[in-house]
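Written below as structure tokens is the structure these notes are about.
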Amino acid sequence: MLKTCSCGELSAQDAGRTVTLAGWVNRRRDLGGLIFIDLRDRDGITQIVANPEISPAAFAAAGTVRPEYVIRVKGKVRLRPAGMENPDMSTGEIEAVASQMTVLNPAKTPPILISREENEEEGLRLRYRYLDLRRERMQRNMLIRHRAVKFIRDFLDERGFIEIETPILFKSTPEGARDYLVPSRVHPGKFYALPQSPQQLKQLLMIAGYERYFQIARCFRDEDQRSDRQPEFTQLDLEMSFVEREDILQLTEELIIGMVAHACEKRIKSVPFPRLSHADALDRYGTDRPDLRYDLELVDLTTIAGRSRFRVFTRAQAAGGVVKGLRSPGCADYSRKQMTDLETLAKSKGAKGLAWLALRQDGSVRSPIAKFLAEPLMAELMAAADMEPGDLLLMVAADREVANAALDVLRGEMARRLRLIDPDEVAFGWVIDFPLFEWNEKEARWDPSHHLFTAPQVHDIPLLDSDPGAVMSDQYDLVCNGYEVGGGSIRIHQRQLQEKVMSLIGLSASSAQEQFGHLLEAFEFGTPPHGGIAPGIDRLVMLLAGEPNIREVIAFPKSQSATDLMANAPSTVTPEQLKELHIKLDLT
RNA sequence: GGGGGCGUAGUGUAGUGGUUAACAUGCUGGCCUGUCAAGCCAGAGAUCGCGGGUUCGAAUCCCGUCGCUCCCGCCA
């Protein structure tokens, strides 16, 4: 090794040792007759002093180095002179006095400063990702990610799970998201698909008798990006045989609790994780992935509001829609501009407008729709929303979906404005009892609300024939801070039931056979009841690290248009490559 | 596919039709033996994303286009 110890490990106890350090010049402070260098490696920073009276050669070398030069320094560790300690540095009690200094490699002035963040355009950080990754923030995030994954592996290993790799080149199935395709050279006109998840493979591993499987699995989906979505992402994919829902929830909960304690400084708000049904989540929070860090629940005001003379309310009710409200404590004095901002937010989710009613401290009411509300009705509305003097009630009248979406975003906005969010806290919860199907208006058929391998709850199986929309599934989602961070289910393990679900979602017997024949066949060779879950590693680590998007916890993420700005991928290939793959381009 | 925001020295910003495009930071040089966002002095550094148009005159107005980003659609 070119170094005897790291820049982060030295402390007062090392005083007197002669050490060799190697790393990057973080900063240099040239005082003329004395030069200080903050030497950085992955482990930390140690201050180097170059003094011409101790080593003229090292002092001369120190004069030539610049930020990001890679250097090697031999020197004696000593306590800093009294009063010169730096309490802001973990190594601030000591410094290394250079007796030798070698430049291992000089560096051009980097386009971004490593030692400080300047809120650069993200494209620039991605183009020079190897420099961005040198920064403290990214090194910290990579470390949190490593610790989280290491904990997962150790935890599951102790519980008898084994990690098994599954293919990256697999089979396309038009269900679900768009596939990334890989052309086959030896089979002209045929394609592999990159897995959207190892779902089928892990079920086949259960059929194969492995009972407890997991994988830190890369998944690929060719859909448009969001701040919490990348074209390739990582899941903890796990599956168990002979389990019921409760077994998976318990195991996952224990895993997450340990991981949080192990990987970061966050506290978990509630243990055990609160559970709510899918229907409850929508009623109370307007979303199936509620942010449980704060209360602010929605109230359904449809029946009261429907008796008002306000046409927007009565029409919504008549059309089968809802009027739902959100009490905003202490916001009765909101200005017109503040109200307009909230209305703009509501409209961004499809609401036609935002009705509101403020109960002033003196008991008087301020509301643009006051003239449509008789006094007793107004009192009823306020009572239903638990209004106290000083509160503001925001109301959206629309179909249920739009009202929920608008109030969900308003709820988040009010929580920020009212500072109800503790940044050191993460709030996990379970959403359970999902409907097995959602009605697809456009295609006039049932879609699986999770995926087509999800088992219906046993007592609802008879409803598959009579009322598919009422069938509840054994699906469960893990949510955290308003993100879906994992989803799973008990799976179907019988061919007949699987075929029934396939036919209900409009899959013909022939295409079911073509796409899933291997799985259907396997079901007939002794398939144990099984189930599992797939927590999203990127989103979890993002929340543990307190980052606003998953790119900050991925070493080499893609841009929103799915490009790699550093390597410049995707890129063109040679005509020869295309010919081998039997591909002709049509770029019209 | 659609909507919003952003694009000006290496970096972050200011600059809403009129001299030589400003400030901070970084960079280069000089001075400086206890700095740690070191300090002081001097200096270099911008075809204002790109293309077209309007105008006597465009960083600024208009059209197009590219890139980054946020959102909708999409994401079993």
Side-chain angles (χ1 to χ4, degrees), chain A residues 26-39 45-54 59 63 66-68 80-89 91-92 95 97 108-128 131 173-179 195-197 199-200 219-231 233 344-345 347-350 402 405 409 434 436-438 440 442 446-454 473 475 484 487 489 501-502 505-507 515-516 534 536 548-549 551 558-563 565 568:
Chain A
N26 199 51
R27 281 179 204 278
R28 191 179 67 110
R29 292 176 294 280
D30 185 344
L31 275 61
L34 198 62
I35 298 173
F36 295 95
I37 290 170
D38 290 340
L39 187 65
I45 290 178
T46 289
Q47 174 165 285
I48 308 295
V49 196
N51 185 328
E53 290 158 19
I54 291 177
F59 180 77
R66 293 291 180 270
E68 302 313 311
R80 294 194 189 182
M84 301 303 157
E85 301 88 355
N86 184 344
D88 298 331
M89 278 173 89
T91 59
E95 60 194 5
V97 186
K108 296 208 295 188
T109 301
I112 57 173
L113 255 61
I114 310 304
S115 56
R116 189 194 310 161
E117 290 194 37
E118 294 186 293
N119 194 30
E120 302 86 2
E121 187 203 347
E122 200 179 332
L124 186 71
R125 292 176 56 204
L126 293 178
R127 184 158 152 231
Y128 296 99
L131 297 179
T173 56
E175 300 296 315
R178 196 176 294 116
D179 284 322
Q196 297 178 27
S197 88
Q199 180 63 34
Q200 293 182 49
C219 307
F220 305 86
R221 293 178 193 175
D222 185 5
E223 298 292 349
D224 288 339
Q225 311 310 303
R226 290 289 184 278
S227 53
D228 62 348
R229 280 169 24 192
Q230 282 272 302
F233 60 98
T344 304
L345 209 53
K347 284 180 172 168
S348 77
K349 297 289 170 176
V402 166
V409 66
F434 284 74
L436 184 61
F437 299 113
E438 284 165 8
N440 182 333
K442 233 186 325 184
W446 295 104
D447 280 343
S449 43
H450 183 44
H451 57 53
L452 73 169
F453 310 114
T454 300
S473 75
Q475 181 196 340
E484 183 199 321
S489 60
V501 167
M502 285 173 168
I505 64 174
L507 208 59
Q515 290 169 40
F516 302 108
N549 66 66
R551 294 184 302 277
K558 289 181 178 53
S559 74
Q560 186 150 48
S561 52
T563 62
L565 294 171
N568 219 351

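In what follows, chains carry the letters A, B, and so on, assigned in the order in which the sequence lines appear, proteins first and then strands, with residues in each chain numbered from 1.
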Tell me which nucleotide among [options] gets nearest to the side chain of [X].
{"X": "A/Met84", "options": "B/rG67, B/rC36, B/rG10", "value": "B/rC36"}
{"X": "A/Met89", "options": "B/rC72, B/rC36, B/rU33", "value": "B/rC36"}
{"X": "A/Leu113", "options": "B/rU35, B/rG10, B/rG29", "value": "B/rG10"}
{"X": "A/Pro67", "options": "B/rU35, B/rU69, B/rC27", "value": "B/rC27"}
{"X": "A/Asp224", "options": "B/rC71, B/rG34, B/rG73", "value": "B/rG73"}
{"X": "A/Leu31", "options": "B/rG1, B/rC75, B/rG34", "value": "B/rG34"}

Hey, does the side chain of [X] come within less than 4.0 Å of [N]'s phosphate (OP1/OP2), counting only N and O?
{"X": "A/Arg116", "N": "B/rG12", "answer": "no"}
{"X": "A/Ser559", "N": "B/rC68", "answer": "yes"}
{"X": "A/Arg29", "N": "B/rA38", "answer": "yes"}
{"X": "A/Arg27", "N": "B/rA38", "answer": "yes"}
{"X": "A/Ser561", "N": "B/rC68", "answer": "yes"}
{"X": "A/Ser227", "N": "B/rC71", "answer": "yes"}

Once you apply a heavy-atom cut-off of 4.0 Å, does [X] come out as touching a base, just sugar-phosphate, or nothing?
{"X": "A/Glu122", "answer": "sugar-phosphate"}
{"X": "A/Leu124", "answer": "sugar-phosphate"}
{"X": "A/Thr563", "answer": "sugar-phosphate"}
{"X": "A/Arg178", "answer": "nothing"}
{"X": "A/Asn119", "answer": "sugar-phosphate"}
{"X": "A/Glu95", "answer": "base"}
{"X": "A/Ile505", "answer": "nothing"}
{"X": "A/Arg28", "answer": "nothing"}
{"X": "A/Gly33", "answer": "base"}
{"X": "A/Gln47", "answer": "base"}
{"X": "A/Glu85", "answer": "base"}
{"X": "A/Pro81", "answer": "base"}
{"X": "A/Ile112", "answer": "nothing"}
{"X": "A/Ser197", "answer": "base"}

Is the backbone of [Y] close enough, under 3.5 Å, to the side chain of [X] for a donor and an acceptor to pair up by distance?
{"X": "A/Ser449", "Y": "A/Leu436", "answer": "yes"}
{"X": "A/Ser227", "Y": "A/Asn549", "answer": "no"}
{"X": "A/Gln475", "Y": "A/Ser473", "answer": "no"}
{"X": "A/Arg229", "Y": "A/Asp224", "answer": "yes"}
{"X": "A/Ser197", "Y": "A/Gln199", "answer": "yes"}
{"X": "A/Arg221", "Y": "A/Gln196", "answer": "yes"}
{"X": "A/Arg28", "Y": "A/Gly63", "answer": "yes"}

Is there a donor N/O on one and an acceptor N/O on the other, under 3.5 Å, for the side chain of [X] and the base of [N]?
{"X": "A/Arg226", "N": "B/rG73", "answer": "yes"}
{"X": "A/Arg125", "N": "B/rC68", "answer": "no"}
{"X": "A/Arg229", "N": "B/rC75", "answer": "yes"}

Give every pair of a protein N or O atom and an N or O atom of nucleotides 39-42 of chain B that lie under 3.5 Å apart, one pair per line with the distance.
none

Heavy-atom side-chain proximity of A/His451 to A/Ser489 below 4.5 angstrom: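 Yes, their side chains come closer than 4.5 Å.
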
Close side-chain approach of A/Asn568 to A/Thr563, heavy-atom, < 4.5 Å: no

Expressed in whole Å, how much space separates the [atom1] atoms belonging to [N] and [M]?
{"N": "B/rC6", "M": "B/rC75", "atom1": "C1'", "answer": "26 Å"}
{"N": "B/rG4", "M": "B/rA9", "atom1": "P", "answer": "25 Å"}
{"N": "B/rC32", "M": "B/rA14", "atom1": "C1'", "answer": "34 Å"}
{"N": "B/rG17", "M": "B/rC74", "atom1": "C1'", "answer": "44 Å"}
{"N": "B/rC63", "M": "B/rU69", "atom1": "C1'", "answer": "24 Å"}
{"N": "B/rC71", "M": "B/rU25", "atom1": "C1'", "answer": "33 Å"}
{"N": "B/rU11", "M": "B/rU55", "atom1": "P", "answer": "35 Å"}
{"N": "B/rC50", "M": "B/rU35", "atom1": "C1'", "answer": "46 Å"}

Closest non-hydrogen atom pair, A/Val97 against A/Ile54: CG1-CD1, 3.4 Å

Partner nucleotide of [N] by Watson-Crick or wobble geometry (both distances under 3.5 Å):
{"N": "B/rC48", "result": "none"}
{"N": "B/rG73", "result": "none"}
{"N": "B/rC40", "result": "B/rG30"}
{"N": "B/rA22", "result": "B/rU13"}
{"N": "B/rG67", "result": "B/rC6"}

From the options A/Gln230, A/Glu122, A/Gln560, select the one residue that forms a side chain to side chain donor-acceptor pair (under 3.5 Å) with A/Arg551. A/Glu122

Nearest-nucleotide comparison on RNA chain B, the residue closer to the 5′ end among A/Thr173 and A/Leu565: A/Leu565

Assert: residue with more 5' nearest nucleotide on RNA chain B, out of A/Ala177 and A/Gly32, is A/Gly32

How about A/Arg29 and A/Gln47: does a side-chain donor come under 3.5 Å of a side-chain acceptor?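 The answer is yes; a qualifying pair exists.
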
Quick one: what's the B/S/- string for nucleotides 45-51 of chain B, heavy-atom cutoff under 4.0 Å, read 5' to 3'? -------

Run the side-chain contact (heavy atoms from CB on, under 4.5 Å) test on A/Leu39 and A/Ile45 for me, step by step, so that the C-alpha distance in whole Å, both residues' side-chain angles and the decisive distance to 0.1 Å come before the verdict. CA-CA 5 Å; A/Leu39 187 65; A/Ile45 290 178; over 6 Å; no

Round to a whole Å and report the spacing from CG of A/Asn51 to P of B/rC32.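 So the two atoms are 15 Å apart, to the nearest Å.
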
So does A/Glu223 pair up with A/Arg178, basic N to acidic O under 4.0 Å? yes

Atom pairs, N/O to N/O, protein against nucleotides 2-8 of chain B, distance under 3.5 Å?
none

Students often mix this up, so state it plainly: with edges at 30° and 60°, are the rings of A/Phe437 and A/Trp446 parallel, tilted or perpendicular?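 Geometry flag for A/Trp446 against A/Phe437: tilted rings.
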
